[in-house]
Undergrad: 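Okay, here's the structure, questions in a sec.
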Amino acid sequence: MITPNLVRKIDEDVYSRLDAAIDATVKVNADRNDLDSRFPRENLKALAQAGWTGVLNETRFGGLGLAHVDFAEAAYRIGQADASTGLIYVMHVGAVQTINLFGSDDQKERWLKANNGGLLGTYSTSERATGGHWWYNLSEASRDGDNYLLNAEKSFTTSSGQADFYVVQTRTPGAKDQADIIFFIVDGKSEGIESRPWDALGVRANHSGPIRYTNVRVPQRDRLGAEGQGKEIIYDGVSPVYLIGLGAVWEGVARGALNAAVKHATSFVHKDRNKSLSDYQAIRQELGAAKVLVETLRPWRLELAAKLDELWRAGKPQSEILIPLTEFKVHAAEVANKVAAAALTVTGGYGYHRGPIERSFRDARAAIAMGPSNVIARDWIGKSLVGLPLELFYEGGE
């Protein structure tokens, strides 16, 4: 198991490289990629060249060796510029971190360090048959001698058809029950992988389309962890890093929408009255209410990310804070929607026109549905509050 830096002394140049990649590439391409539903390959290349796609990786595997606090900050900054790139980034770092936690040194050499750390990874978990219960699979791998055959149809996989590797979840061959799960690292060039187009209301560049695996051969060396260890990987590998990253992206979307609204409100002048929009009390109140919401997120993000790092250093399960992480995701999603709507209200016809504010309004809606959806997540939170089990795999709980 790898551990993050024990001392929070980060070379400022590392963050300067991140900001430069966002300003020069991510921001510049955001509207075009949204309009054309174009996968932001150049954005990811810029982030990789800056080192940030390996933010949590050990330096011996070509990474920055940083912490969840830094990963979440990066997701937040990217989210301000482009939600699609932010989500792709979160899924990539999540897949990579799952390998960091449960993978072998051989897997880290081949998938994380290879190509100067430029390989793009993602999760491939949810299945249409189980809807928003993304952790529950009906598909089941089979054996191919010492290796495996993968047959599964996944409903939403970010970077579908674009990723260099997929961290895929399915049932173990001959699974005893629904919690007997296995994970694989699947080469994106393998025969039998078919992705379908992505055409959605928002986050149009992240290509979270369906993907089918038909008799895909997976060598034993690319099994992630042990057979039947998948439930532990879901709880302690996949979920924590995903939830903190997801919430951070939506925090970024909220902040970006607010900044765009303030910029317009202070620069647009009604010539008939010689007043800017910001001279009107009603406009200022909308902006003030939006800012109060946005400011609730950063302290919570920092606290949760620091706790993840503390658990990581201690070698403890990061699922210890699964419910607080879920709460953060729910709140960040709702804040992003409320602030994007306020930005649209404040900017009127200008905001309604194609562009960053209108895009943030469409993108933010995805936050409500992304697993765990806010409806499902609030039920988890409520069950925890009244002392009931989550019942993710078994009626009555584990």
Side-chain angles (χ1 to χ4, degrees), residues 1 91 94-108 110-112 121-158 160 163 165-195 210-242 317-319 322 371-372 389-398:
M1 179 177 289
M91 302 301 177
V96 164
Q97 181 64 353
T98 306
I99 296 172
N100 280 327
L101 292 171
F102 293 95
S104 65
D105 283 357
D106 169 64
Q107 290 170 337
K108 294 171 189 177
R110 289 185 296 111
W111 297 111
L112 309 189
T122 195
Y123 291 132
S124 190
T125 58
S126 59
E127 297 182 0
R128 181 175 178 80
T130 53
H133 302 158
W134 61 265
W135 57 91
Y136 196 111
N137 297 148
L138 295 181
S139 64
E140 183 176 308
S142 58
R143 301 196 187 279
D144 182 27
D146 291 334
N147 303 315
Y148 301 89
L149 285 178
L150 174 62
N151 285 279
E153 187 165 357
K154 301 295 184 177
S155 48
F156 295 99
T157 293
T158 296
S160 173
F165 64 89
Y166 301 91
V167 171
V168 181
Q169 166 190 321
T170 188
R171 292 193 189 186
T172 304
K176 299 184 295 293
D177 63 13
Q178 60 269 30
D180 190 355
I181 298 164
I182 192 169
F183 273 81
F184 299 117
I185 307 169
V186 177
D187 190 331
K189 301 187 196 68
S190 298
E191 283 189 35
I193 298 178
E194 177 191 358
S195 63
I211 189 167
R212 176 179 291 165
Y213 304 90
T214 304
N215 290 325
V216 175
R217 284 180 166 76
V218 183
Q220 187 181 53
R221 69 191 299 210
D222 282 328
R223 184 188 69 213
L224 188 56
E227 289 191 5
Q229 195 181 8
K231 186 159 73 76
E232 177 189 350
I233 294 174
I234 290 170
Y235 276 115
D236 299 323
V238 171
S239 300
V241 66
Y242 165 73
Q318 292 180 318
S319 57
L322 178 64
L390 294 185
E391 300 182 305
L392 299 189
F393 293 99
Y394 305 102
E395 188 174 351
E398 270 90 286

Undergrad: Quick check: closest heavy atoms across L101 and D236, and the distance to 0.1 Å?
TA: CD1-O, 3.7 Å
Undergrad: If you define the side chain from C-beta out and look only at heavy atoms, does anything of P372 sit under 4.5 Å from W134?
TA: yes
Undergrad: Go through S124 and F156 one step at a time and tell me if the side-chain contact (heavy atoms from CB on, under 4.5 Å) criterion holds.
TA: CA-CA 7 Å; S124 190; F156 295 99; over 6 Å; no
Undergrad: Donor-acceptor check, side chain of T122 to backbone of A163, threshold 3.5 angstrom: yes or no?
TA: no
Undergrad: Could you check whether atom CG of D106 has more than 12 heavy atoms from other residues, nucleotides or ligands sitting under 6.0 Å from it?
TA: yes
Undergrad: Side chain of E127, backbone of A152: donor and acceptor closer than 3.5 Å?
TA: no
Undergrad: Please answer whether the main-chain N or O of I99 pairs with a side-chain N or O of Q107 as donor and acceptor at a distance below 3.5 Å.
TA: no
Undergrad: Decide yes or no for S195 and R212: does some side-chain heavy atom of the first lie under 4.5 Å from some side-chain heavy atom of the second?
TA: no
Undergrad: Rounded to the nearest 0.5 Å, how far does OG1 of T125 lie from CE of M91?
TA: 8.0 Å
Undergrad: Keeping E391 on the side-chain end and G396 on the backbone end, is there a donor-acceptor pair under 3.5 Å?
TA: yes
Undergrad: So, does K108 use its side chain to make a donor-acceptor pair with the main chain of N100 at under 3.5 Å?
TA: yes
Undergrad: Decide yes or no for Q229 and I182: does some side-chain heavy atom of the first lie under 4.5 Å from some side-chain heavy atom of the second?
TA: no
Undergrad: Return the CD1 to OG distance between I193 and S190, rounded to the nearest 0.5 Å.
TA: 4.5 Å
Undergrad: With a 3.5 Å distance limit and no angle check, can you tell me whether Y123 reaches the backbone of V238 through a side-chain donor-acceptor pair?
TA: yes
Undergrad: Only one of K176, R171, R143 passes salt bridge (Lys or Arg N to Asp or Glu O under 4.0 Å) with E227; say which it is.
TA: R143
Undergrad: By the definition side chain to side chain donor-acceptor pair (under 3.5 Å), identify the one residue from T214, T170, N215 that meets it with N151.
TA: N215
Undergrad: Testing the basics here: between G228 and D180, what is the closest heavy-atom pair and its distance to 0.1 Å?
TA: CA-OD1, 3.2 Å
Undergrad: For a side-chain contact (heavy atoms from CB on, under 4.5 Å) check, start with the C-alpha distance between L138 and T130, then their side-chain angles and the critical distance, and finish with the verdict.
TA: CA-CA 8 Å; L138 295 181; T130 53; 4.1 Å; yes
Undergrad: Would you call the rings of Y136 and F393 parallel, tilted or perpendicular, where under 30° means parallel and over 60° means perpendicular?
TA: parallel
Undergrad: Would F184 and Y148 count as a close aromatic pair, with their ring centres under 6.0 Å?
TA: yes
Undergrad: Walk me through whether V167 and F183 qualify under side-chain contact (heavy atoms from CB on, under 4.5 Å).
TA: CA-CA 7 Å; V167 171; F183 273 81; 3.7 Å; yes
Undergrad: Tell me whether F102 at atom CZ has more than 12 heavy atoms from other residues, nucleotides or ligands lying less than 6.0 Å away.
TA: yes
Undergrad: In Å and rounded to the nearest 0.5 Å, what is the OG to CD distance from S239 to Q318?
TA: 10.5 Å
Undergrad: Please answer whether the main-chain N or O of V218 pairs with a side-chain N or O of D222 as donor and acceptor at a distance below 3.5 Å.
TA: no
Undergrad: Between the main-chain N or O of G94 and the side-chain N or O of Q97, is there a donor-acceptor pair closer than 3.5 Å?
TA: no
Undergrad: For F165 and A95, which heavy atoms make the closest approach, and how far apart are they?
TA: CE1-CB, 4.5 Å
Undergrad: As a quick check of understanding, evaluate side-chain contact (heavy atoms from CB on, under 4.5 Å) for I181 and Q169, giving each step before the final call.
TA: CA-CA 7 Å; I181 298 164; Q169 166 190 321; 3.8 Å; yes
Undergrad: Hey, does the side chain of T157 reach the backbone of I211 with a donor-acceptor pair shorter than 3.5 angstrom?
TA: no
Undergrad: Name the one of D144, D187, N147 that satisfies side chain to side chain donor-acceptor pair (under 3.5 Å) with R217?
TA: D144
Undergrad: Considering only heavy atoms from C-beta outward, does the side chain of K154 approach that of R128 to under 4.5 Å?
TA: no
Undergrad: Please confirm whether the backbone N or O of P210 pairs with a side-chain atom of S160, one donor and one acceptor, at under 3.5 Å?
TA: yes
